[in-house]
Amino acid sequence: MPYSGIEQFNTAQRRAVTHGDGPVLVIAGAGTGKTKTLAGRVAHLIAGGVPPQRICLLTFTRRAAAELLRRAEAGTSATGHVWGGTFHATVNRLLRLHGRTLGLDPDFTVIDQADAADLMNLIRVDLGLSKTVNARRFPGKDTLAAIYSRMVNSRTRIDLVLESHFPWCRDDSDDIRKIFEQYTARKRAQGVLDYDDLLLYWKALCDTTGAGELVADRFDHILVDEYQDTNTVQAEILAGMRRTRNNVMVVGDDAQAIYGFRGATINNILDFPDQFKGTEIIRLEQNYRSTQPILDASNRVMAHAARRHEKQLVTLRRGGERPTIMTCLDESEQSREVCDRVLAHREEGLQLKSQAVLFRAGHNSDQLEVELSRRNIPFVKYGGLKFIEAAHVKDMIAALRMLENPADELSWHRVLQVIEGIGPSTARRIMAAIGVGKAENDDQSFAAASDGRSPLRRLAESPPSVPPAAREQFKSLRSVIADCMGTPAPPPASQVQRIRQFYEKVFTRLYDNTTVRVRDLEQLEQLAGRYASRAELITDLTLDPPSSTQDFAGDPLRDDDYLILSTIHSAKGCEWDAVHILHMADGVIPSDMATGNEAQVDEERRLLYVAMTRARTALHLYFPLRYYYAGRGMTDRHTYAQLTRFIPKPDHDAYDHQTASAAAQTREAETPTTADGTPLAVDAILRELW
DNA sequence: CATTTATAAATTTTT
DNA sequence: TTTATAAATG
């Protein structure tokens with residue numbers, strides 16, 4: 001039975017949708033209907049008789065997967081069981097089924113990057129590497145996690161990674177190696193997997209005789225979205241999954257590769273035809289999203305890239321305004337201008353929801369958020385500070401994970417220290433006494449604590465002594481654990497509730513604005529109500545966390561109109577009628593931290609390209625002239641910024657240049673025009689005081 | 001001796 | 001906003 005909606009696709013899209021067997025590489029420029037094509041492909045396969053559960057659709061984010069499946073469903077009747085999601089979420093499911101063949105306990109728990117960093121830090125302290133020596137500090141935990149992740153994901157030797165991306169850590173390579181050794185050993189011993197492990201285990205699974213074929217044969221078709229942002233391990237996984245069957249479609253755009261920092265490599269796209277013999281290459285170059293002036297400006301940004309990109313997108317959308325570059329005096333004027341323009345667009349009939357403000361780094365929108373709140377303009381921020389990163393949420397997840405996986409050193413370490421009177425060393429002592437953590441590797445002291453009982457039983461039956469101040473709370477923690485471990489175990493929501501009650505007493509001492517935090521945990525409790533098992537709840541919270549409290553169903557804001565604020569990275573794959581891009585200053589874009597080599601600068605350039613090509617009809621770039629030195633206290637010391645190097649003089653005719661009022665006035669003030677030559681900068685001086 | 005409190009310093013993007 | 005060190009406290 002042919003797929004019915006085929007007439008809605010152009011020729012190239014149709015080739016992709018109706019492609020038969022064998023490998024396909026789809027090069028899909030920005031706004032060329034990539035999502036629609038992928039969804040159509042899935043619908044076509046199902047209509048052609050492929051059982052949905054034999055299709056695996058790998059996407060970059062969970063949001064992308066949900067959107068794709070929603071659209072695919074619109075084309076057919078039954079798509080409920082397509083395996084869709086991120087690489088990480090997919091392998092999580094696979095490992096619960098097949099992990100045992102790798103010697104992996106299927107009850108493993110997963111830690112995110114922040115947890116990984118915390119574990120690194122734990123080891124760093126153990127090894128005595130956390131101290132400052134000769135005014136030099138050992139790399140921080142986030143740096144360590146970043147080095148490790150890049151090393152694994154690009155499968156590059158540590159020396160090379162340090163040399164090319166973390167040159168300031170070169171001298172510490174021996175100690176870094178020691179930390180990594182311990183890190184992997186402890187994870188292994190404790191049944192804990194980090195994000196990178198998930199991918200490695202998938203690859204290992206593919207390489208295992210028997211299990212490898214079994215897993216690969218689950219799927220008739222594998223489709224991968226955003227292939228330009230996959231890393232070496234992911235490419236190896238794909239190869240491993242397609243050793244015998246070669247039905248595979250990858251979709252991507254080399255001009256939109258923006259995840260190099262995560263080990264992604266453009267070689268995956270370039271080498272795909274070599275890796276899979278007989279690959280058909282399809283190019284989608286017809287843009288349906290943006291007006292011509294917006295595309296012109298975007299194409300010219302890319303034209304200066306060191307590595308040339310073959311395609312120049314063309315659009316059918318004639319007419320339209322040139323993008324504007326709005327020069328502002330400083331960041332606060334930028335915030336006011338953005339608000340003014342957003343509201344002006346709304347007057348013209350564009351909903352707030354169809355507009356977005358994009359920026360390089362999460363904190364770039366801080367001032368704007370204040371201004372938006374002041375003017376009562378509702379907004380939702382993507383990719384900023386996340387729900388899951390809040391300390392009190394981490395506390396809750398640590399407690400749940402400790403119950404689920406009592407060997408998990410990291411969680412015990414966190415939970416125990418919540419109690420007044422228990423700090424790092426008492427926590428360590430307790431953990432050693434019940435047989436958690438480092439003791440596992442240290443046969444001497446472990447032998448003393450090792451009597452075959454689990455840490456939880458030991459805690460219940462022979463509790464270690466604690467300082468007097470901690471006794472009461474320690475007792476109540478033990479009773480929480482007992483309640484949650486009862487048989488049958490209470491449902492996840494009840495466990496969350498029980499833990500929350502314990503934390504409520506503790507939070508007043510630890511944090512301020514306790515009420516807000518407790519409310520967050522109440523929402524978490526509601527979320528837990530949708531889960532039958534604690535394991536599933538924990539995994540979802542780690543692999544697919546609610547991006548903010550607004551993500552919870554039933555939030556009144558959901559139905560309202562609100563402006564989107566997003567980092568450029570998180571805006572990937574999205575589109576809006578009007579797009580506002582903040583901080584077009586050199587040093588922000590490209591980021592000062594990413595100008596080390598040409599490859600890094602090029603990635604920043606692609607980042608700007610991605611941001612600009614999100615716009616359908618209106619594109620506004622904002623450029624603050626002045627940047628004040630960050631620091632506390634009142635200081636008006638500032639530097640003057642340069643417009644981003646990605647828009648050089650010869651390209652200025654692609655934009656409409658405007659100057660915000662205060663900036664214009666300052667410009668006048670800097671060229672004295674009064675008769676007596678007195679600078680008329682009084683107003684400007686006063687203004688700077690605000 | 002261990003914990004808590006206070007103070008000074010630091011750099012981005014995310015599954 | 002987090003994080004290492006020093007001083008204060010139990």
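To find a chain, count down the sequence lines: A is the first, B the second, and so on, and within it residues start at 1. Because only heavy atoms are used, hydrogens play no part in the values below, and waters and symmetry mates are left out as well, while side chains stay in.
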Between NE2 of A/His363 and C1' of B/dT12 the distance, given in whole Å, is 8 Å
Run the side-chain contact (heavy atoms from CB on, under 4.5 Å) test against A/Gln473 and tell me which residues pass, sequence neighbours left out. A/Ile419, A/Glu420, A/Val506
Pairing stems for DNA chain B [at least three consecutive pairs; Watson-Crick or G-U; under 3.5 angstrom]: B:1-10 with C:1-10
Nearest-angstrom distance from the residue atom CD of A/Gln228 to C1' of B/dT14: 15 Å
Please list all pairs passing the salt bridge (charged side-chain N to carboxylate O under 4.0 Å, His left out) test where one or both residues lie in residues 582-595 of chain A, with sequence neighbours left out. A/Asp586-A/Arg645
Using ring-ring contact (aromatic ring centres under 6.0 Å, His included) as the criterion, list what pairs up with A/Tyr195, not counting sequence neighbours. A/His88
Taken to the nearest whole Å, CD/A/Glu603 to C1'/B/dT13 is 9 Å
Return the set of residues passing salt bridge (charged side-chain N to carboxylate O under 4.0 Å, His left out) with A/Arg137 (not counting sequence neighbours), or none when no residue passes. none
I'd like to check, for A/Phe261, whether its ring lies over the base of B/dT13 with centroids under 5.5 Å apart and a plane angle smaller than 30°. yes
Once each nucleotide of nucleotides 2-8 of chain C is scored for protein heavy atoms under 4.0 Å, what B/S/- sequence comes out, 5' to 3'? -SSS---
Using 30° and 60° as the class boundaries, would you call the ring planes of A/His580 and A/Tyr622 parallel, tilted or perpendicular? parallel
I'd like to know if A/Glu331 and A/Arg626 make a salt bridge, using a cut-off of under 4.0 Å between side-chain N and carboxylate O. no
Base, sugar-phosphate, or nothing for A/Phe87, non-hydrogen atoms under 4.0 angstrom? nothing
Across all chains, not counting sequence neighbours, the side-chain contact (heavy atoms from CB on, under 4.5 Å) partners of A/Glu369 are A/Ser365, A/Asp366, A/Phe379, A/Lys381, A/Leu565
Listed by chain and number, what are the ring-ring contact (aromatic ring centres under 6.0 Å, His included) partners of A/Tyr609, not counting sequence neighbours? none
side-chain N/O A/Ser570 vs B/dT14 OP1/OP2, d < 4.0 Å: yes
Identify, with sequence neighbours excluded, every residue that meets side chain to side chain donor-acceptor pair (under 3.5 Å) alongside A/Asp225. A/Lys34
Residue closer to the 5' end of DNA chain B, A/Ala361 versus A/Tyr195 (nearest nucleotide): A/Ala361
For B/dT12, take OP1 and OP2 only and decide whether either is under 4.0 Å from a side-chain N or O of A/Thr567. no
Listing time: all N or O pairs from protein to nucleotides 1-3 of chain B that are below 3.5 Å?
| from | atom 1 | to | atom 2 | distance (Å) |
| --- | --- | --- | --- | --- |
| B/dA2 | O3' | A/Ser425 | OG | 3.0 |
| B/dA2 | O3' | A/Thr426 | OG1 | 3.2 |
| B/dT3 | OP1 | A/Gly423 | N | 2.8 |
| B/dT3 | OP1 | A/Gly423 | O | 3.3 |
| B/dT3 | OP1 | A/Thr426 | N | 2.8 |
| B/dT3 | OP1 | A/Thr426 | OG1 | 2.2 |
| B/dT3 | OP2 | A/Ser425 | N | 3.1 |
| B/dT3 | OP2 | A/Ser425 | OG | 2.7 |
| B/dT3 | O5' | A/Gly423 | N | 3.4 |

Whole Å only: how far is the CG atom of A/Leu358 from the C1' atom of B/dT13? 13 Å
So which one's nearest nucleotide on DNA chain B is more toward 5', A/Met593 or A/His88? A/Met593
Spacing of A/Phe166 atom CZ relative to B/dT11 atom P, expressed in whole Å: 13 Å
Considering residues at least two apart in sequence or located in another chain, which fulfil the side-chain contact (heavy atoms from CB on, under 4.5 Å) criterion with A/His392? A/Ala390, A/Phe507, A/Tyr511, A/Arg517, A/Asp520, A/Leu521
Could you state the atom-to-atom distance from CH2 of A/Trp168 to C1' of B/dT11 in whole Å? 9 Å
By side-chain contact (heavy atoms from CB on, under 4.5 Å), which residues pair with A/Val91, not counting sequence neighbours? A/Leu95, A/Leu198, A/Trp202
In whole Å, what separates the C1' atom of B/dT12 from that of C/dA4? 23 Å
Whole-Å distance, A/His569 NE2 to B/dT14 P, equals 7 Å
Send over the distance from A/Ile388 CD1 to B/dT15 P, rounded to a whole Å. 12 Å
Quick check against the 3.5 Å criterion: does A/Thr644 have a side-chain atom that pairs as donor or acceptor with the backbone of A/Ile589? yes
